[in-house]
Amino acid sequence: MLSVIIKNDGEDNVVQLTYENLWHELKDIPGFQLIVSKDWFDYLPEIKNNYVCLVEADCLVSEGYFTKQLKEFRTNPGRKISMLTAKTSVRQWDNCFY
């Protein structure tokens, strides 16, 4: 269902921590793949899942991030969505950037 590719920028400890954090969020999603690669696009031809997420080595996600994103795709099948992104705020979560 979902493949996540972590870009390995050479900081092994950071990549390892990110891998562990993302695995914790992905472990309950059927058919997930968690890949570490020097380039995000190397593995794209081999991926069989419907959804792909590209992340930096220092990526942090909130609890339930991937399940909430996937739910949005599944509950609105007729809606044309090409991607979902994280929400960022400066001072208040009422004023968001996507």
Side-chain angles (χ1 to χ4, degrees):
M1 174 165 289
L2 173 65
S3 296
V4 177
I5 303 173
I6 303 170
K7 186 175 182 187
N8 185 348
D9 58 1
E11 297 180 73
D12 294 337
N13 291 337
V14 175
V15 171
Q16 180 65 29
L17 179 62
T18 301
Y19 187 95
E20 291 170 7
N21 289 336
L22 293 180
W23 183 86
H24 180 71
E25 289 301 317
L26 292 165
K27 65 181 169 53
D28 296 326
I29 297 174
F32 82 90
Q33 287 181 295
L34 185 53
I35 301 163
V36 177
S37 176
K38 290 190 183 278
D39 187 287
W40 282 318
F41 306 109
D42 288 346
Y43 281 89
L44 288 180
E46 300 171 28
I47 290 176
K48 304 293 186 227
N49 285 327
N50 294 331
Y51 306 108
V52 178
C53 180
L54 309 173
V55 299
E56 294 281 349
D58 60 353
C59 174
L60 297 173
V61 297
S62 59
E63 185 176 336
Y65 175 80
F66 293 110
T67 55
K68 290 175 190 172
Q69 298 275 15
L70 289 172
K71 181 181 176 188
E72 191 64 34
F73 280 115
R74 289 190 308 255
T75 57
N76 296 304
R79 197 166 149 203
K80 295 186 183 209
I81 302 173
S82 61
M83 69 181 208
L84 298 172
T85 63
K87 177 168 77 169
T88 303
S89 174
V90 176
R91 291 195 179 130
Q92 297 177 331
W93 286 104
D94 296 336
N95 301 323
C96 301
F97 298 95
Y98 292 92

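Keep in mind it's a predicted model, so treat the numbers as computed, not measured.
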In Å, rounded to the nearest 0.5 Å, how long is the span from CD of Glu46 to CD1 of Ile35?
8.0 Å
Tell me whether the count of non-hydrogen atoms from other residues, nucleotides or ligands lying under 6.0 Å of NZ in Lys38 goes above 12.
no
Could you walk me through whether Val61 and Asn21 satisfy the side chain to side chain contact (heavy atoms under 4.5 Å, CB included) test, starting with their C-alpha distance in whole Å, then the side-chain angles of each, then the deciding distance to 0.1 Å, before giving a yes or no?
CA-CA 8 Å; Val61 297; Asn21 289 336; over 6 Å; no
Kindly say whether Cys53 contributes a backbone atom to a donor-acceptor pair with the side chain of Trp40 at under 3.5 angstrom?
no
Asn49 side chain to Gly31 backbone, donor-acceptor under 3.5 Å
yes
Tell me whether Leu54 is reachable from Val15 by hopping between hydrophobic residues (I, L, V, M, F, W, Y) whose side-chain heavy atoms are closer than 4.5 Å.
no
Below 4.5 Å, heavy atoms only, C-beta onward: do Leu44 and Ile47 meet side chain to side chain?
yes
Rounded distance [0.5 Å steps], CD in Glu11 versus CG in Leu17
11.5 Å
Val14 reachable from Val36 in the ILVMFWY side-chain graph, under 4.5 Å edges:
no
Side chains of Glu63 and Glu25: does their closest heavy-atom pair fall under 4.5 Å?
yes
Mind checking whether Val4 and Phe32 have side chains closer than 4.5 Å, heavy atoms only?
no
Any non-hydrogen side-chain atom of Leu34 less than 4.5 Å from a side-chain atom of Ile6?
yes
Tell me if a side-chain donor or acceptor on Gln33 pairs with a main-chain N or O of Leu2 at a distance below 3.5 Å.
no
Look up atom OH in Tyr65 and atom CG in Leu60, then write down how far apart they are to the nearest 0.5 Å.
11.5 Å
Would a hydrophobic clustering, with Ile, Leu, Val, Met, Phe, Trp and Tyr connected at side-chain separations under 4.5 Å, put Tyr51 with Val55?
yes
With a 4.5 Å cut-off on side-chain heavy atoms, are Ile5 and Asp39 touching?
no
Spatial distance of atom OG1 (Thr18) from atom CD (Gln16) [nearest 0.5 Å]
9.5 Å
Is Val52 linked to Tyr43 within one hydrophobic cluster, defined over Ile, Leu, Val, Met, Phe, Trp and Tyr using a side-chain heavy-atom separation of less than 4.5 Å?
yes
